[in-house]
Each structure stands twice: as C-alpha cells, then as structure tokens.
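Contents: one structure, followed by commentary.
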Amino acid sequence: MGGRESIHQATVAPRRPLSVLLPWFITASLYALLLVLFSTPFLQYSTTSVFTIGKVYRYSACAALSEPTPVANRRRTVSDRFVEGSLDTLILNATIWTGNDTLTGDILLSKGLISDIGNLSELAKEPSHSMHVIHAGGAWVTPGLVDLDSHAGVQSIPIRPSANSLDEKGPHPLVFRTIDAFTTHDPAFFMAAVGGVTAAHIAPDLKHLPWTAGQAFVIKHRRTKEGSAASMVVEPPWNSTSAYYHIAHRVDGAEAVWKLEKAYRQASQIRVAQDEFCSGLLSGDELRDHFPQDAALEPLVDVLRGRAKVAIYASEVASLAAVVRLSNEFKFSVTTVQNADEAWLAPSILNQTFGTQPVIGLASTRHRTSLESYRGSAFAPQVLSDVGYRVAMETGHPSVNGRYLLQEAQIAHHYGLSARKALASITTIPSEALGLAHRIGWLRTGHDADVVLWNGSPLQLGTVPQMVWIDGMLMVNSSGSARPSSPRLRSVMPSWAKERDAARIWDGLPPVGGGKQTGTVVFKTVNTLWTRKNGQIKEDKSLHSKDGVGSKRYGTVAVNDGKITCVGRCQEEGETIDLEGGSISPGFMTFGSALGLGEIEDDVSTGTGPSYDPFSANTPLIVGDVAGISRASDSLQFGTQDALLAYRSGVTMATSHLPGSPKMGGFAIQGVSATFETGSDHLLARGAMIQDKVALHVSVRRADQGKMGIGSIVSVIRRLLLHSDTTNTETERMFREAATGVIPFVVAVDDADIMALLVKVKYEVEDLRGSTMRMVFFGGAEAHLIAEEIAGAKIGVILSPSKPSPMYWDERRATYGPPVDQHTLASTLRKHDISVAIGAKDPWNARNLRFDIGWNMVQGNMTFEEAYEMGSATLERLLGVRYVEDDQSDLVVYEAGHALELSAKPIAVISPTLGHVHIL
Ligand SMILES: *[C@@H]1O[C@H](CO)[C@@H](O)[C@H](O)[C@H]1NC(C)=O
Ligand SMILES: *[C@@H]1O[C@H](CO)[C@@H](O)[C@H](O)[C@H]1NC(C)=O
Ligand SMILES: *[C@@H]1O[C@H](CO)[C@@H](O)[C@H](O)[C@H]1NC(C)=O
Ligand SMILES: *[C@@H]1O[C@H](CO)[C@@H](O)[C@H](O)[C@H]1NC(C)=O
Ligand SMILES: *[C@@H]1O[C@H](CO)[C@@H](O)[C@H](O)[C@H]1NC(C)=O
Ligand SMILES: *[C@@H]1O[C@H](CO)[C@@H](O)[C@H](O)[C@H]1NC(C)=O
Ligand SMILES: *[C@@H]1O[C@H](CO)[C@@H](O)[C@H](O)[C@H]1NC(C)=O
C-alpha cells in the first residue's frame with residue numbers, strides 16, 4: 001500500500017476505491033459538520049452547500065490545515081501494537097535506567113505497555129495472574145534503544161553493492177517514500193533487536209542524491225503477524241492526525257542548497273495558496289473548486305506547517321549554515337541535523353535555526369570516509385553536548401552495523417560524553433527528536449513495552465542483552481549469560497581535555513605531536529606489565545614480586561633511552577609518570593584496510609590512484625608484468641589522520657595492501673602488503689618501514705569482484721600457484737613464493753563454499769610442489785561451517801569484522817554470536833585450534849582495535865593474553881611479519897586500566913628502536 005496517503009491527497013483523489021475512501025469520507029464529513037456546528041465563521045454558509053462530495057473534500061482539506069500540530073498521546077491501557085494472547089511479563093529486582101534516573105525495583109509489562117514500575121513482587125504471588133516472571137538479580141534494565149539513523153529495510157541485507165540505489169528509480173525525488181521500497185524480511189531487524197535496538201528512524205539512502213528529500217518512517221524492529229511494512233511503523237501518520245510525518249533531506253554543496261531553496265519556495269507558495277483558498281471558502285468564494293496542492297511538494301508543505309519532523313543530512317560548516325538560512329527564510333524547525341561532522345568546529349551555528357534547537361546526530365569514530373566527514377571527531381559528542389545541544393549517536397546502518405548502536409554510545413562516553421548523556425543519546429533524545437517521547441525511549445508507566453535486560457552495565461565494553469522485549473513480546477532470550485553487573489552506571493573514563501583542545505585548534509586535524517623523551521622515564525603505580533617473550537604476550541610477574549603496597553600491588557617500571565631497565569621497585573631518577581593503576585603492553589598491529597594508502601576513502605585525489613588491473617585492462621607494454629602485482633610499499637603515505645589516530649590508540653604498526661575495491665574495477669590480485677610504523681613521519685624516518693614485502697593478497701569475495709566471476713578467479717589463482725615456475729615475471733615469482741610457503745598467501749574470503757575450494761587448492765598445490773603453503777583467510781564470516789577442515793589444512797583466520805554478521809551474500813550464514821549463540825566466532829575457531837586474529841576493513845576503524853579485542857575477550861571468555869595476541873603476536877605470525885624482535889617492539893603505556901578496557905587511555909609509546917619514550 002502507498003505509504004503516504006495524507007488527508008490533503010485523499011481530498012483530490014476521488015478515483016480511489018471506496019474501501020480506501022470511506023474512512024476519509026466519514027472523517028471528512030465529521031470535520032465538515034463539526035466545523036459548521038462549532039465555528040462561528042462557518043455558520044455564515046447554508047448547510048446545504050456542504051452536502052456535496054466535492055465540497056466536503058474542500059472543507060475537510062481546509063479543516064485539516066487548522067488542526068493542531070501533532071500532540072503527545074493520551075493515556076493508554078492497551079497498545080495499538082499489542083498482540084492478543086501474549087502473556088504479561090514481570091521483571092523483578094532490576095537496576096532500572098528510566099531515561100533520566102536510576103531506580104531499583106520491578107517492572108510489569110502488560111498489553112504491550114509498561115503498566116507499572118515499583119515494588120511489585122506481590123504480583124508474582126497472585127495465582128490468578130499468569131505471566132512470565134524474570135528474576136533480574138540486580139541486572140540493568142533500560143528502554144529499548146532508538147537509532148536515529150538507519151537504512152534497515154531500505155538497504156536491506158545481504159547488501160548488493162552493484163545494485164542501483166532503489167531511490168534513484170523514483171519519479172520525483174521529493175516523493176520518495178522509504179516504505180514503498182521496504183524489505184520486510186531484512187535480517188537487520190532481528191540483528192538490531194539482538195543489540196537491544198528496538199526502534200529506528202528509517203531514512204532513504206540520500207548518498208547519491210545530494211539535494212533531494214524523501215519520506216522517512218519510524219519502525220519497530222519487530223516483524224508483525226500482518227507482515228506489511230506499514231504495520232511495523234510506529235504511529236503511521238497517514239492513519240492518525242496525532243502523528244508526525246518524517247522527511248529527510250541532504251544539504252551538501254551549493255547546488256543542493258539552491259535546489260532545496262527552490263523547492264521550499266514553491267512549497268511556501270502552495271501553502272499561501274492553500275490558506276487563501278480556505279479563507280476564500282470561508283467567505284463564500286464558490287468560484288475556486290480545486291484545493292491547491294502538488295503531491296511532490298506536499299511533504300515540504302507539511303514541514304512548513306510544523307506537521308513533519310525534518311532530518312537534514314549536512315556535514316560541512318557551509319552546509320550547516322545553509323540549513324540555518326533555509327530554516328529562517330522559510331520559518332521551519334529543523335528536528336535533526338544528521339552526519340553533522342563539522343558541527344563541533346562551529347558550535348554556535350546550529351543554535352540559530354528557526355524554532356527549536358535541532359538534535360545533532362553523530363557517529364562515534366566513523367569519519368574520513370568522505371571529504372564532508374574528514375574533520376569529524378570522536379570528541380564532537382562531548383563538545384556539542386557541553387554547550388547545550390542534544391546529541392544522538394547513530395549508526396547509519398549498514399554504514400555501521402545497527403546492532404552495535406550501544407557501542408557508539410560507549411565510545412562517545414570513552415571520549416568524554418557523560419554517562420547519562422551517552423545513554424540519553426540512544427534512548428530519550430532520539431525518541432524526542434522523532435516526536436515519540438510519549439511512547440519510546442523511556443521506561444515509564446504507559447510507554448510501549450520496549451525493554452532491554454542487559455548482562456552487564458550498559459556502558460561497559462562487551463555488554464550484550466540477555467533479554468529484549470518489543471511491544472511486550474520477547475524477541476531475544478539468552479537468560480543465563482549474566483555477568484556480575486556493576487550497580488554503578490559510570491565507570492571512570494579518561495580525560496581528553498588536552499587532545500580535544502588540540503583537535504579544535506587544528507580544525508579537527510591535530511598533528512601527532514607530543515614530546516619525545518630520552519633518558520630515564522619512571523612509570524609508577526603500574527598495575528600490570530606485559531611484554532613479548534618468544535613472540536608471545538606474557539605478564540611480567542617481577543613487577544609485583546618486589547613491591548607490595550597495601551592490598552593493591554602496584555609496581556614501578558623504569559625506561560632508559562626507550563628500553564626497560566628496571567621492573568618492580570625502582571629507584572631511578574628521571575621524569576616520573578603516575579599511571580594510576582595503569583599498564584604497559586606491546587603495541588597492536590592493524591591489518592586489512594587501506595590504512596596509509598590514502599587519506600579519504602571516497603576521494604581518489606587523496607589516494608594512491610588506480611593500479612593496472614591485470615584482469616581487465618590492456619596494460620601498456622612499458623608497464624610489463626609489474627602491473628600484475630602492486631606493492632603497497634610503493635604507495636605508502638605517512639602521517640594520514642587514521643594512521644596517527646591508530647598510533648594514539650595503541651596500534652603502533654599496520655600491515656596494508658591495496659584494496660580490491662569494486663569502485664576501482666575490482667581486483668582479484670591485490671598485490672604484496674607492507675608493514676609500517678603508524679606514528680612515523682615519512683618513509684625514510686628511522687623505524688618507519690618495518691617490512692616492505694609481507695604477504696601476497698588475493699580476494700575471492702563476491703562483493704569485491706568487478707569483471708570476473710568467482711570461478712574464473714579461482715582458476716587463475718590455481719594456475720598461478722601450480723605452474724608459476726619461471727622467475728622472470730613479477731606475478732609468477734610472487735605466486736611461486738606463495739605456493740612454496742616463502743610468503744603467506746592471504747585470501748579475502750567469507751563464503752564457506754569458496755573457503756572449501758581454497759582448501760582443495762592448497763592441498764593440490766602442496767601435493768604437486770611438495771611444499772607447505774602458509775594460507776590465511778581474511779574475513780572468514782562463515783569459517784565455523786568448515787572449521788574442522790580449516791584446522792586440518794592449517795589455515796589461519798583473520799576475522800574482519802571482528803564480530804561477523806550476515807551483511808553480504810558471502811556472509812549469509814554468519815552466526816550472530818552472543819547473546820544468540822553461546823560462542824563468538826573467534827572462540828569457536830579457537831576451540832578447533834585454528835590461529836585466529838582480528839583485522840579491520842576500514843582505516844577509520846583501525847583505532848578501535850583494542851575495543852574490538854576487548855569485546856571478544858569478554859564475550860569469548862578469553863584470557864587477556866589470548867585476546868591480546870589476536871591483535872599482535874598471532875596476527876604478525878599469520879602475516880609473516882618477521883622483523884619484530886621481542887626486545888625491539890614498541891610498548892604502549894596506558895593510564896588507569898589496561899588496553900582492553902574503556903577506562904584506560906594510551907599516554908605514551910616506548911620505542912626501543914628509536915631509543916625514546918614518546919609522550920602522546
Ligand atoms: C525524571 O522524570 C520524571 C518525569 O518527568 C520526573 O518526575 C523526575 O523527577 C525526573 N527525575 C530526575 C532525576 O530528573
Ligand atoms: C522499592 O522499595 C525500595 C525499599 O523501600 C525503595 O528503595 C525503592 O525505591 C523502591 N523501588 C521503586 C522502583 O519504587
Ligand atoms: C536482588 O539482586 C541482588 C543482586 O543479585 C541480590 O543481592 C538481592 O538479594 C536481590 N534482591 C531480592 C529482593 O531478590
Ligand atoms: C489505522 O487505524 C485503524 C483504526 O484505528 C486501525 O484499525 C489500523 O490497524 C491502523 N493501521 C495501522 C497500519 O496502524
Ligand atoms: C543558543 O542560544 C541561546 C540563546 O541565545 C544561548 O543561551 C545558548 O547558550 C546558545 N547555545 C549554543 C550552543 O550556542
Ligand atoms: C528463556 O529461556 C530460558 C532458557 O532457555 C527458558 O527457561 C525461559 O522459559 C525462557 N523465557 C521465556 C520468557 O520464554
Ligand atoms: C570461561 O573460562 C573459564 C576458564 O578458562 C572456565 O572455567 C569457564 O567455565 C568458562 N566459562 C564459560 C561460560 O565458558
């Protein structure tokens with residue numbers, strides 16, 4: 001069914017079937033009658049003139065204009081979304097975050113609503129009241145999370161990278177209705193619910209349509225019995241005069257502003273004409289019989305009348321200023337400014353919009369994917385929130401998997417947003433922005449029963465839901481996975497004042513800076529020291545053996561010219577730094593993205609430029625065979641923002657290879673990777689290049705392929721591995737080295753069938769050559785399906801993303817992991833004795849490695865060392881990074897905790913190679 005059948009449209013669409021028209025007809029008649037009876041001006045007309053259908057329409061259209069703007073809902077005892085027959089649920093003994101307060105007590109869910117919050121244990125004893133009783137044991141309960149920006153159902157999964165954007169097929173961009181192109185069976189709904197996200201604002205994908213608008217909707221992540229898209233919508237505006245429409249625009253560049261301005265000007269004229277028409281009707285002007293309107297512009301008329309919530313995607317300062325100008329010129333309130341990456345650089349601008357101050361939608365660390373997001377900052381949520389804005393964290397699913405909205409808030413909290421505001425940013429603030437604060441985003445009596453029972457404190461890394469209810473219906477049940485949960489919401493987070501100020505001074509692009517300290521630096525109050533021993537991460541127990549102070553056994557570590565010279569009780573003189581229970585551990589390595597091979601993903605002018613694609617282009621003779629194999633070491637850029645931020649987050653090394661991006665035509669052969677120091681200034685700096693030839697990389701992923709199919713690629717790979725014998729071409733030489741195990745052969749692959757094929761290729765090559773290949777799978781979403789075979793073939797797996805999900809076709813059989821499954825993919829593979837490491841596909845994500853590993857440690861029940869090696873020793877071993885000696889590798893110094901905790905902050909890097917301590 002059509003999503004938007006507004007009152008206005010219905011009035012001029014008399015050819016609709018009667019079943020559709022009837023309710024409108026009745027409503028229209030009622031309005032007309034009411035108006036005639038109760039409003040004095042209408043009494044001037046003869047009542048008979050009302051009783052012709054056309055006129056009734058005109059009156060009702062005019063009556064609709066004078067309706068009040070949508071108002072918060074009345075008190076309800078049964079939800080309109082209640083599913084008959086579902087039992088009540090009583091959650092006992094919970095720590096309840098209501099939306100503005102923490103209570104201890106019980107919650108009763110009944111008829112799709114929260115029917116009571118208090119001390120309700122007596123209810124459980126009533127024999128007549130049959131219900132589910134959940135003993136929360138003090139665990140945290142919050143409102144279901146609300147994602148202010150998702151494309152679930154619109155860009156449904158599995159994502160089809162080559163498919164045209166649905167939106168582009170629309171007849172007129174202004175009338176896009178997300179709901180008309182809505183996939184009701186998108187697994188993303190369940191996936192989001194598994195993450196505790198119960199509702200989302202679904203906007204059209206405006207990426208390719210820089211100036212247009214579309215209608216958005218707020219849905220619940222619960223498929224209904226009816227199965228229609230409309231039935232997932234919370235308060236469908238076409239069905240209720242008390243609900244808002246939702247409109248989304250993108251303002252990005254001068255052309256977009258100009259076109260939008262033109263559209264708003266036309267909409268304003270229509271609005272004026274409508275008002276004139278209606279006052280004409282009032283004064284008995286019988287000549288005009290068409291209510292003025294334009295279906296394409298009607299959404300904007302709704303915005304101007306305050307009947308629609310408008311979300312504007314605008315990132316750069318100039319675009320934000322344009323939003324302010326349009327809003328004042330046409331006098332409409334902007335509800336949300338989304339992707340507002342540069343808002344923090346000029347915080348006073350958005351305060352000048354017409355009407356209510358907009359909510360600002362942000363991503364925690366997903367920046368620098370485009371020029372518009374280049375200056376985005378992890379500090380933005382706090383900066384904007386401190387000056388009084390309401391900030392909402394959002395995923396833009398599938399840009400960031402909508403399931404991990406909570407993690408967006410956790411990271412924002414880590415970088416300075418207060419705990420209450422971090423929780424509000426994914427509950428109360430988005431619900432308010434959407435005009436639905438009377439239903440969702442809060443735990444209050446009478447609100448929808450969208451409730452999450454967590455297995456830990458919501459702002460603690462690795463917390464996942466134990467149980468999730470939507471409209472009182474249980475969506476996720478993994479009771480028994482509870483961990484002792486801290487009754488405190490707030491764990492102490494680091495202070496980033498210095499970094500935040502530097503970021504502001506440098507307009508978002510601070511240099512790595514910091515001080516280089518030679519001579520002796522003494523770190524005191526060190527809780528733990530981990531170092532590398534024979535390529536493994538080991539705790540140095542001597543830290544505690546000599547120095548026991550009280551119950552907390554902290555020690556001291558002295559470093560002289562970049563080398564640890566004393567551990568335990570040290571009397572060395574030198575600069576002293578108090579770690580406040582912090583720790584020291586080896587630097588991480590990131591692998592899998594184009595980190596260091598470009599600055600902005602979408603901007604080729606900042607990248608390495610195209611490589612010759614040996615599969616599709618006729619390479620010039622002079623290029624010869626070199627075209628077949630690109631070496632990342634020939635394309636490295638030092639000092640990119642993502643590399644510097646990774647360095648400052650404890651990721652001191654990166655191994656990168658040229659990506660096989662479909663945008664670039666899709667290469668199967670991605671060339672040879674290089675390992676470099678993320679904090680180095682240039683290629684020739686000491687220690688900058690760690691290893692210029694690391695592994696040979698190929699991609700056998702459907703999403704990466706351009707012109708060749710999987711079968712062709714596998715046969716080319718097989719032929720090159722089996723028969724590369726001459727040494728006179730670069731391609732053959734590299735494949736020969738890979739075939740004989742001189743260098744690792746890293747295959748980007750997620751599909752289990754393709755992995756199985758590669759296992760066969762490996763055996764074939766080894767049989768023919770009598771060699772042992774060092775094959776590694778990168779991606780590995782479906783590796784659990786053939787874990788035994790992978791283990792048997794001694795193939796390592798670098799998981800990327802670290803928490804796999806069925807986003808692409810090749811990943812369709814990915815497991816959900818906790819809380820749906822008992823184990824993470826990493827722990828399942830490790831049980832089979834497979835070497836597992838963790839990679840990152842996006843350069844911006846390299847800095848989050850320690851959080852990815854921390855999540856896996858908590859959910860996978862791993863020891864610190866086991867988890868840590870997934871981002872260091874094991875990763876290096878799988879990739880064949882050899883030149884990292886135990887005593888030559890960087891150590892990272894963390895204040896207030898260890899690397900895998902949100903509370904800890906990297907404050908220094910100890911570099912034996914450079915002979916100094918780099919104070920960050
Ligand atoms: C939370 O909101 C409720 C309802 O608006 C109010 O009664 C209560 O005082 C608020 N609590 C806090 C801590 O602000
Ligand atoms: C339940 O009772 C306890 C003790 O009287 C009180 O502290 C608590 O606030 C009550 N909880 C609620 C949600 O009313
Ligand atoms: C509530 O849970 C806490 C934490 O598990 C426990 O100590 C307490 O005894 C429980 N209270 C009741 C009334 O069950
Ligand atoms: C629209 O409202 C009618 C009457 O209240 C209700 O029966 C129907 O289920 C509603 N439809 C949707 C999609 O909410
Ligand atoms: C917004 O404007 C109001 C009133 O002019 C002012 O009090 C407030 O500080 C401003 N906030 C920001 C973020 O500029
Ligand atoms: C949740 O799962 C547990 C364990 O499987 C089961 O005992 C319990 O009945 C389930 N709860 C509900 C409300 O379905
Ligand atoms: C976690 O690991 C510990 C020690 O390795 C083991 O005793 C415990 O049973 C494991 N817990 C789970 C839930 O697997």
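For ligands, and for the atoms within them, numbers begin at 1 and follow the listed sequence.
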Phe864 and Trp530 aromatic ring geometry - parallel, tilted or perpendicular at 30°/60° bounds: parallel
Any side-chain donor near an acceptor of the partner, Trp454 and Thr142, under 3.5 Å: yes
- request: Taking atom 4 (C) of ligand 2 as the reference point, report whether a protein heavy atom occurs under 4.0 Å from it.
  value: no
- request: Determine the sole option in Thr445, Leu108, Asp88 for which the side-chain contact (heavy atoms from CB on, under 4.5 Å) test with Ser115 is passed.
  value: Leu108
task: Run down the list Thr95, Asn93, Asp106 and name the one with the heavy atom closest to atom 12 (C) of ligand 3.
output: Asn93
message: Checking contacts here: is it the side chain or the backbone of Thr104 that comes within 4.0 Å of ligand 2, counting heavy atoms only? Could be both or neither.
response: backbone
message: Side chain or backbone, does Trp442 bring an N or O within less than 3.5 Å of an N or O on ligand 1?
response: no
- request: Please state whether the rings of Phe190 and Tyr816 are parallel, tilted or perpendicular, taking 30° and 60° as the class boundaries.
  value: perpendicular
query: Within the structure, does Asn119 bring an N/O atom to less than 3.5 angstrom of an N/O atom in ligand 2?
result: yes
- prompt: Strictly by modelled atom types, are Asn119 and Ser121 linked by a side-chain donor-acceptor pair under 3.5 Å?
  reply: no
- request: Could you tell me the residue and atom name of the protein heavy atom closest to atom 2 (O) of ligand 1, and the distance to it rounded to 0.1 Å?
  value: Asn100 ND2, 2.3 Å
message: Consider side-chain contact (heavy atoms from CB on, under 4.5 Å). Of Asp450, Val78, Asp471, Asp448, which one does Leu113 pass it with?
response: Asp448
message: Can you name the atoms of ligand 3, numbered from 1 with element, that are less than 4.0 Å from a heavy atom of Gly137?
response: 2 (O), 4 (C), 5 (O)
- prompt: In the protein, which heavy atom is nearest to atom 14 (O) of ligand 2, and how far is it?
  reply: Gly118 CA, 3.8 Å
- request: Any chance you could measure Leu405, atom CG, to Gln410, atom CD, to the nearest 0.5 Å?
  value: 10.0 Å
- request: Taking atom 9 (O) of ligand 3 as the reference point, report whether a protein heavy atom occurs under 4.0 Å from it.
  value: no
query: Is there at least one pair of N or O atoms, one from Arg420 and one from ligand 1, spaced under 3.5 Å apart?
result: no
